[in-house]
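Here the structure is laid out as C-alpha cells; the discussion comes afterwards.
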Amino acid sequence: MMFAWTASLRRLLPPLHHYRSSIPLSCVISLFSTKATSSPPPSRMPPPLPLVSEDDLRETFIKGRGGPGGQKINKTSSAVQIKHIPSGRVVTCQATRSREQNRKLARNILVRKMDVEMNKENSREAIAREKERKRKANRRKKSNRKYHNQEEADDDKDTIIEISS
C-alpha cells in the first residue's frame, strides 16, 4: 500500500533505474525523519557565550616576542593584542604566524574569559571542568568496586582452604 506522501517523496529522490536494487522506502523515510536530532536536550546545553561588540574592542598588531618561527616572527607584526575597553581586559595571542588566525584565537580567548567572569560556575569552562571531575570520580568508583570485589574473592578462597585442611 503506497501512501500519497510516499509518491511525492519518491519524486524528490534521484531516479533509481541505474541502481541494481532500489533503495528501501524505510531508509529514505529515515533520512527525512525529524525525530532524530543531533543536538542535546535544551536543559543540558551550555549557556551561550557573551556577545562582544566591535565598538568595545581595540585591536593592535605587535611584533612577535620570539618562539617558533625564527627571525621571521620577530620582524613581522603578526601577534594580536585585543583590549575590551569596558572591562579593561587585555588578551595577546601569537599562536601562529598568521595574523588572521591570531585575531580569531584572541577573540575566542577574550570571549571565554568574559564568560568565566560573568557566569562564574555556570560558564562553559566551569561546566566542562565539572563534567571531567564527575567522569574521573566515576572511573575511580568503578575501579575501587572492581578491585574490592577481587580482594573479597581472594579472601573467600583463603577461608575455604583453611576450612578444608
Side-chain angles (χ1 to χ4, degrees), residues 9 13 23-70 72-74 76-162:
L9 192 60
L13 298 173
I23 299 172
L25 191 59
S26 60
C27 293
V28 173
I29 292 171
S30 66
L31 290 174
F32 292 101
S33 174
T34 58
K35 289 182 181 177
T37 59
S38 60
S39 62
S43 61
R44 295 183 60 197
M45 290 184 69
L49 290 171
L51 297 175
V52 179
S53 167
E54 288 294 319
D55 300 333
D56 294 343
L57 300 178
R58 187 174 62 200
E59 188 175 61
T60 54
F61 303 103
I62 54 179
K63 292 194 186 300
R65 298 186 193 148
K72 174 75 173 170
I73 202 74
N74 301 329
T76 58
S77 299
S78 61
V80 178
Q81 187 176 46
I82 296 179
K83 180 175 183 178
H84 186 247
I85 298 168
S87 67
R89 184 173 293 277
V90 178
V91 173
T92 305
C93 181
Q94 184 195 347
T96 67
R97 288 173 58 173
S98 166
R99 183 184 284 188
E100 278 303 309
Q101 287 179 353
N102 287 336
R103 286 179 74 202
K104 289 177 186 175
L105 290 170
R107 288 171 192 272
N108 193 1
I109 292 168
L110 178 70
V111 168
R112 293 199 179 273
K113 284 188 175 188
M114 290 180 62
D115 180 40
V116 169
E117 185 179 302
M118 294 166 96
N119 296 330
K120 308 274 189 244
E121 66 272 348
N122 292 331
S123 67
R124 287 182 177 217
E125 189 175 313
I127 290 171
R129 260 188 276 122
E130 183 64 20
K131 264 187 183 178
E132 183 67 18
R133 187 190 65 75
K134 285 181 180 179
R135 188 181 67 80
K136 284 183 178 180
N138 285 339
R139 290 177 83 187
R140 195 170 32 250
K141 263 195 250 180
K142 184 178 178 181
S143 176
N144 288 342
R145 280 193 306 252
K146 177 180 176 181
Y147 291 112
H148 183 71
N149 289 341
Q150 283 182 354
E151 288 173 2
E152 286 179 359
D154 291 341
D155 291 342
D156 291 340
K157 287 179 187 176
D158 293 340
T159 56
I160 292 171
I161 292 171
E162 290 173 8

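Between Ile73 and Arg97, the closest side-chain pair of non-hydrogen atoms falls below 4.5 Å.
Annotation: side chain to side chain contact (heavy atoms under 4.5 Å, CB included) contacts of Arg135 (sequence neighbours excluded): Glu132, Arg139. Contacts of Arg89 classified as salt bridge (Lys or Arg N to Asp or Glu O under 4.0 Å), with partners at least two apart in sequence or in another chain: Glu117. By the side chain to side chain donor-acceptor pair (under 3.5 Å) test, Gln101 pairs with Thr96, sequence neighbours left out. Here Ala106 pairs with Val80, Ile82, Val91, Cys93 under the side chain to side chain contact (heavy atoms under 4.5 Å, CB included) rule; sequence neighbours left out. Partners of Glu130 according to the salt bridge (Lys or Arg N to Asp or Glu O under 4.0 Å) rule, which considers only residues two or more places apart in sequence or in another chain, are Arg133. Every residue meeting the side chain to side chain donor-acceptor pair (under 3.5 Å) condition with Asn108, not counting sequence neighbours, appears here in chain and number order: Arg112. Under the salt bridge (Lys or Arg N to Asp or Glu O under 4.0 Å) criterion, Arg129 pairs with Glu125, sequence neighbours left out. Applying the side chain to side chain contact (heavy atoms under 4.5 Å, CB included) rule to Val52 yields the partners Leu57, His84, Val111, Met114; only residues at least two apart in sequence or on another chain are considered. Residues meeting the side chain to side chain contact (heavy atoms under 4.5 Å, CB included) test with Arg145, sequence neighbours left out: Lys141, Lys142. With sequence neighbours excluded, no residue satisfies salt bridge (Lys or Arg N to Asp or Glu O under 4.0 Å) with Glu121.
Here the side chain of Asn119 pairs no donor or acceptor atom with the backbone of Arg124 at under 3.5 angstrom.
Sorted by first and then second residue, the pairs that involve residues 101-111 and meet salt bridge (charged side-chain N to carboxylate O under 4.0 Å, His left out), not counting sequence neighbours, are Glu54-Arg107, Glu59-Arg103, Glu59-Arg107, Glu100-Arg103.
Contact between Gly64 and Asn74 at its shortest, heavy atoms only, is O-OD1, 4.1 Å. What you find for Asp115 and Ser123 is that their closest heavy atoms are OD2-CB, 3.5 Å. Contact between Ala79 and Lys63 at its shortest, heavy atoms only, is CB-O, 4.3 Å.
Between the CD atom of Gln94 and the CD1 atom of Ile62 there is a distance of 7.5 Å, given to the nearest 0.5 Å. Atom-to-atom distance recorded for Asn102:CG and Ser77:OG is 11.5 Å, nearest 0.5 angstrom.
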